[in-house]
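Order of appearance sets the numbers: ligands from 1, and atoms from 1 within every ligand.
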Amino acid sequence: MFIEPTRRRDPPHLRTGWIEAICGSMFSGKTEELIRRLNRARIAKLNVRIFKPALDTRYHEADIVSHSALSIESIPVQTAGQILQLAGNCDVVGIDEAQFFDKDIIAVCNTLAIQGQRVIVAGLDMDFAGQPFGCMPQLMAIAEYVTKVHAICVVCGDIAQYSYRLVPSQERVLLGETDSYEARCRRCFNLGDQAGRKEWAYEDVNNE
Ligand SMILES: Nc1ncnc2c1ncn2[C@@H]1O[C@H](COP(=O)(O)OP(=O)(O)O)[C@@H](O)[C@H]1O
Ligand SMILES: Cc1cn([C@H]2C[C@H](O)[C@@H](COP(=O)(O)O)O2)c(=O)[nH]c1=O
Ligand SMILES: [Zn+2]
């Protein structure tokens, strides 16, 4: 489990910010992990500000909400540049659904960290086609700390790193939940519609 660096005790002239990237598929616990870190920062009496892209209105207009219904308030923004304007001099900046931001998100995260702020950025590392998503690869490259979390494959029960799309759209951006996506492992993702369901796997075990 990720534990916060204790750089806070450095003398002010040595104090620096940093970037933490949390990545993985849908349902892998990115938002839960982001909320966990932000809550701990608040317990440490740090000043925290949280952002998400305004287009992500799935569960709530403003709050960030996990699939398990954990939530934390956030500021929805249209562009990455707005984060820089609104983050002020807070100690910790949280950003969810980073894959949806424009490419300025890289410079914004860098600037915040250089200014001495801790930046925790969470997002999908791959899209429904298994391709790197938006600026997440660059954010992972410039981050001091990268955490990849995993879901459970709903087909076979292995660990999952892919978000399998259940509906025919080829649009890259398609908001959704279990209605349109499921977490899958490499094998079941590549088998697509041919992947046997969990019940089938259990049958196999029972017949042994
Ligand atoms: N296939 C799955 N694998 C793991 N967790 C799942 C799965 N489907 C639903 N969940 C739920 O999703 C929660 C994680 O939600 P969340 O943090 O919002 O994930 P993410 O932000 O990565 O999409 C888990 O704690 C669990 O309750
Ligand atoms: C794979 C994939 C996902 N999306 C959308 C679907 C959801 O609205 C979000 C991801 O949310 P989560 O917190 O990670 O569960 O992204 C998309 O638009 N395109 C895709 O390829
Ligand atoms: Zn699987």
Trainee: Is there at least one pair of N or O atoms, one from F27 and one from ligand 1, spaced under 3.5 Å apart?
Mentor: yes
Trainee: Just verifying a value: how many Å separate E4 CD and L46 CG, rounded to the nearest 0.5 Å?
Mentor: 9.0 Å
Trainee: Using a strict cut-off of 4.0 Å, indicate which atoms of ligand 1 neighbour a heavy atom of T31.
Mentor: 17 (O), 18 (O), 21 (O)
Trainee: What angle, to the nearest 10°, do the atoms SG (C153) and SG (C156) form about the Zn ion (ligand 3)?
Mentor: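 It rounds to 110°.
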Trainee: Is the closest N or O pair between L174 and ligand 2 shorter than 3.5 Å?
Mentor: yes
Trainee: Show which atoms of ligand 1 fall inside a sub-4.0 Å distance from at least one heavy-atom site of S66.
Mentor: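 Within the 4.0 Å cut-off of S66, ligand 1 contributes 16 (P), 17 (O), 18 (O).
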Trainee: I need the atoms of ligand 1 closer than 4.0 Å to a non-hydrogen atom of V154, numbered in the order shown.
Mentor: 1 (N)
Trainee: With heavy atoms of S68 as the reference, note each atom of ligand 1 found under 4.0 Å away.
Mentor: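 Near S68, meaning under 4.0 Å from one of its heavy atoms, ligand 1 has 27 (O).
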Trainee: Do any nitrogen or oxygen atoms of G29 come within less than 3.5 Å of a nitrogen or oxygen of ligand 1?
Mentor: yes
Trainee: M26 heavy atoms, cut-off 4.0 Å: which ligand 1 atoms fall inside?
Mentor: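 With M26 as reference, the close atoms of ligand 1 come out as 23 (O).
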Trainee: With the threshold set at under 4.0 angstrom, would you say S25 reaches ligand 1 through any of its heavy atoms?
Mentor: yes
Trainee: Heavy-atom contact under 4.0 Å between E97 and ligand 2?
Mentor: yes
Trainee: Where does R172 meet ligand 2, judged by heavy-atom distances below 4.0 Å: at the side chain, the backbone, both, or neither?
Mentor: backbone
Trainee: Among all protein heavy atoms in this structure, tell me which lies nearest to atom 3 (N) of ligand 1, with the distance rounded to 0.1 Å.
Mentor: I152 N, 2.9 Å
Trainee: Are any of the heavy atoms in R165 under 4.0 Å away from ligand 2?
Mentor: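 In this structure, R165 qualifies as a contact of ligand 2 - some heavy atom is under 4.0 Å.
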Trainee: Rounded at 0.5 Å granularity, tell me how far CG in N39 sits from CD1 in I72.
Mentor: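 Nearest 0.5 Å value for the CG-CD1 distance: 4.5 Å.
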Trainee: Under 4.0 Å from atom 26 (C) of ligand 1, do we find at least one protein heavy atom?
Mentor: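 No; the ligand atom in question lacks any protein heavy-atom contact below 4.0 Å.
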Trainee: I need the atoms of ligand 2 closer than 4.0 Å to a non-hydrogen atom of F100, numbered in the order shown.
Mentor: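 With F100 as reference, the close atoms of ligand 2 come out as 5 (C), 16 (O), 18 (O).
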Trainee: Number the atoms of ligand 2 from 1 as they appear, then name those within less than 4.0 Å of a heavy atom of D127, with their elements.
Mentor: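 This gives 1 (C), 21 (O) as the contact atoms.
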Trainee: Taking heavy atoms and a distance under 4.0 Å, where does C153 meet ligand 1: side chain, backbone, both or neither?
Mentor: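 For C153, no heavy atom sits under 4.0 Å from ligand 1.
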Trainee: Think R184 forms a cation-pi with Y164, using NZ or CZ under 6.0 Å from the six-ring centre and within 45 degrees of its axis?
Mentor: yes
Trainee: Checking R186 against Y162: charged group under 6.0 Å from the ring centre and within 45 degrees of the axis?
Mentor: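 Negative - R186 is either too far from the ring of Y162 or too far off its axis.
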Trainee: Which atom names give the shortest non-hydrogen contact between F51 and I64, and what distance separates them?
Mentor: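 For F51 and I64, the tightest heavy-atom pair comes out as O-CD1, 4.0 Å.
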Trainee: Determine, using the 4.5 Å side-chain heavy-atom cutoff (strictly less than), whether V93 and V121 are members of one ILVMFWY cluster.
Mentor: yes
Trainee: Are F128 and F100 connected in the hydrophobic side-chain network, where two residues link if heavy atoms are under 4.5 Å apart?
Mentor: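 Linked within one cluster.
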Trainee: Could you list the atoms of ligand 2 found under 4.0 angstrom from a heavy atom of L124?
Mentor: 1 (C), 2 (C), 3 (C), 10 (C), 14 (O), 16 (O)
Trainee: What I want to know is whether H67 and ligand 2 share at least one N or O pair that is separated by under 3.5 angstrom.
Mentor: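 Between H67 and ligand 2, an N or O pair is found under 3.5 Å apart.
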Trainee: For C109 and I95, which heavy atoms make the closest approach, and how far apart are they?
Mentor: SG-CD1, 4.0 Å
Trainee: Using a strict 4.0 Å cut-off to heavy atoms of G176, name the atoms of ligand 2 that fall inside it.
Mentor: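 Here the atoms of ligand 2 in question are 6 (C), 7 (C), 8 (O).
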Trainee: Answer yes if the side chains of E32 and S68 hold a donor-acceptor pair under 3.5 Å, and no otherwise.
Mentor: yes
Trainee: Please report which non-hydrogen protein atom sits nearest to atom 24 (C) of ligand 1, along with the residue it belongs to and the distance in Å to one decimal place.
Mentor: E32 OE2, 3.6 Å
Trainee: Can you tell me how far the SG atom of C153 sits from the CD1 atom of I159, to the nearest 0.5 Å?
Mentor: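 If I round to the nearest 0.5 Å, the distance is 10.5 Å.
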Trainee: At a 4.0 Å threshold, what atoms of ligand 2 neighbour a non-hydrogen atom of K30?
Mentor: 14 (O)
Trainee: In the protein, what heavy atom is nearest to atom 12 (O) of ligand 1, and what distance, to one decimal place, separates them?
Mentor: H67 CB, 3.4 Å
Trainee: Atoms of ligand 1 less than 4.0 Å from S28 heavy atoms?
Mentor: 19 (O), 20 (P), 22 (O)
Trainee: Quick check: closest heavy atoms across C23 and D125, and the distance to 0.1 Å?
Mentor: SG-OD2, 3.6 Å
